Amino acid sequence: MSSSGKVISKLLALALLLLYGSVLALVLSPRVNEEYRAYYIDRSTDEWRPVRYSSTPEEGIDFSRNGLPSFVRGLSGVSHHESWGRWTDATRRRFARIDLAEPLTGDVCVSVKMFPAKAQFGKKAHIRIGGISKSVVTANSDPAWYSLDFRLSAPSTILEIEPESPAVGRLPGTWDPKNPDSRRMGLGLQRISIAEGNCAGKRFE
Amino acid sequence: MRAEFDKVSNWSRKSRTFLLGRGYVPLLAVVCFLLSSLLVVSFTRLAGAEFGSVPGATGERCKWDCGWYATIVDGGYDKAPHAHPKGDAANWAFFPLFPAVASLTKTFFGVKTGSALVWTSKLFLLLSFWAFLRLAERECGRESLPFASALLVFNPHGIYGHVGYTEPMYLFLCSISFLALTERRWLLAGAATAAMSAVRLVGVLFLASYAVQALRTGELKGRAAGSVVLGALLCPLGLAAFMLYLHFHVGDALAFKHVQVAWDREVMNPLAAIWNGLALGGWDRYFAAVAASSLAMSAWLAYRGKLEYSIFLLGATLLPLSTGLISMPRYVFWQVPFLLGLTMLARHRTGLSFALLGFAAAMSAFVTVSWFAGRNFVV
């Protein structure tokens, strides 16, 4: 190779290295919205542009219905819809995350109707909004309402529910290749209601 | 002046030898192409007689993946996902070089999109037969050509060469890459791989074969070191360009990977995929057996000292296998190292040659009929 050929070759190599470095940087910083990120990149939800139904925060989210209410922007960390509701699934995300369309502020009462998976019996479930975390103990397999009061000093649009002991539902020795369910289930979510004020005197059904 | 003339003359002779090999290889490629086309046409007619609704016009053969490529030719890459019942599928999963060439075919010949895609795949089928036979001649000797030719004609999943899929273009570029590599034409190998990485993701894995050959020949330290390094750097260029485009078009450089979720393809343990397939039975068992054969072939090639082929086949099998068994036979039976390995295995074994070709011919006919009958296991 002639000396000019060597120079061109080195310049080309340098340009290619710069190009690959740039592409790598772009891979690490996608310019996508939260919905795209949750569904395609993080895989924290299997909902893509879900069906919408009309409901207020007080009427709540009915997980036994397919889709999401209009006041919820996104849902992640939960498994697919089933006739009774949805499991939290730690293979998707350590906690269930609900992104609300409008921020919550001041006194808020959060009520969750849920039941624990077997590994979660007697364990804590943590419920978080705006940096405040509260816990309840999920006793047994019967669905029950758990109500918690939050006093939010700053607006927040994110509600998280984290089971203490999510686990793979299927038992060792019962593996069936036709049913490769590898979900790490913690809590069976049926309803969530979010009301202004504190929970005293409020009834949920 | 004389030296310059000799240099040009020598380069011209080498290029001619690279392109044509011995005169009979291009002729053999044409014969194989005609026989392969005859086979597909014959079984298409049989399928039509039995099942009806078999495509008449060339463009009507364009379905499934070809349909996705048609969306790229007609409207470019999607801005947002829209297809499938969930609305989560987009054409980002389909690499750009094949539809780009089909666009040129469409413009040049003024044909419909489906026809342009089918014609492009058939053009590359002919080229891929030539390139593969050149490689087989070089690696296995002239005596291997009858078996290699028969394998191309009776490729069990040869239907994809006639229906607007990328397989022929991929086989062509992969054969050229290996051919260039064996002849230590580093820049050509790098350029062919750059193109291959714009056809299918696995193309970029050729970099591993390139590295093996560069280390083995010791040219990384010699006078050709500059060409070796530049050739290596060229290998991922097609993929990088596509990723760059996707970033500015969609906002996600890895959109081609992320959108696989729309086809229920998620990353899993490839060995578990084989095990599950074998346990399930039916077509899953066949897909798993083909994937396992490919891994076994990779091991055998390594044992025979053909590490550059072995490592590529290993990666090109494990990568799609890590997202499930679907389409595995299509991926495996269009891999240069797999076809070359079969040729090496059968070279001096007449019984094995007949057994392999018997299986291949029967499967080829069955898959062709199934394709035109609309059975989706051949997708």
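Side-chain atoms are counted along with the backbone in the values below, which use heavy atoms only and exclude waters and symmetry mates. This one's a predicted model, so the numbers in the text were calculated from it and none came from an experiment. By convention in this document, chain letters (A, B, ...) are assigned in the order of the sequence lines, proteins followed by strands, and residues within each chain are numbered from 1.
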Given a strict heavy-atom distance threshold of 4.5 Å, which part of B/F248 is in contact with chain A: side chain, backbone, both, or neither? both
So which part of B/A255 gets closer than 4.5 Å to some heavy atom of chain A, the side chain, the backbone, both or neither? both
Using a 4.5 Å heavy-atom cutoff, which residues in residues 36-54 of chain A come close to chain B? A/Y36, A/Y39, A/Y40, A/I41, A/R43, A/D46, A/W48, A/R49
Applying a heavy-atom distance below 4.5 Å, give me the residues of residues 81-91 of chain A that approach chain B, sorted by number. none
A/E196 atom CD, neighbour heavy-atom count above 12 within 6.0 Å: no
Do other residues, nucleotides or ligands put more than 12 heavy atoms under 6.0 Å from the NZ atom of A/K124? no
Could you list the residues that satisfy side chain to side chain donor-acceptor pair (under 3.5 Å) with B/T71, not counting sequence neighbours? B/N91
Kindly give the heavy-atom pair with the smallest separation between [X] and [Y], and that separation in Å.
X: B/G226; Y: A/S9; result: O-OG, 4.0 Å
X: B/V250; Y: A/V32; result: O-CG1, 4.2 Å
X: A/V27; Y: B/A253; result: CG2-CB, 3.9 Å
X: B/H247; Y: A/R31; result: O-NH2, 3.3 Å

Do you know which of [options] has the most heavy-atom pairs under 4.5 Å to chain A?
options: B/G87, B/A232, B/A240, B/P81; result: B/P81
options: B/V259, B/L239, B/L237; result: B/L237
options: B/G277, B/A262, B/G251; result: B/G251

The reported gap from CG in A/L14 to CG in B/L230 (rounded to nearest 0.5 angstrom) is 11.5 Å
By a 4.5 Å heavy-atom criterion (distance strictly below it), what part of A/L12 contacts chain B: side chain, backbone, both, or neither? both
Turns out that what part of A/L17 lies under 4.5 Å from chain B's heavy atoms comes down to side chain
Taking side-chain contact (heavy atoms from CB on, under 4.5 Å) as the criterion, tell me which of B/L244, B/L254, B/L246, B/D252 meets it with A/L26. B/L244
Which pairs count as salt bridge (charged side-chain N to carboxylate O under 4.0 Å, His left out) when at least one residue sits in residues 85-97 of chain B, sequence neighbours excluded? none
Heavy atoms, side chains only, cut-off 4.5 Å: are B/M243 and A/Y20 in contact? no
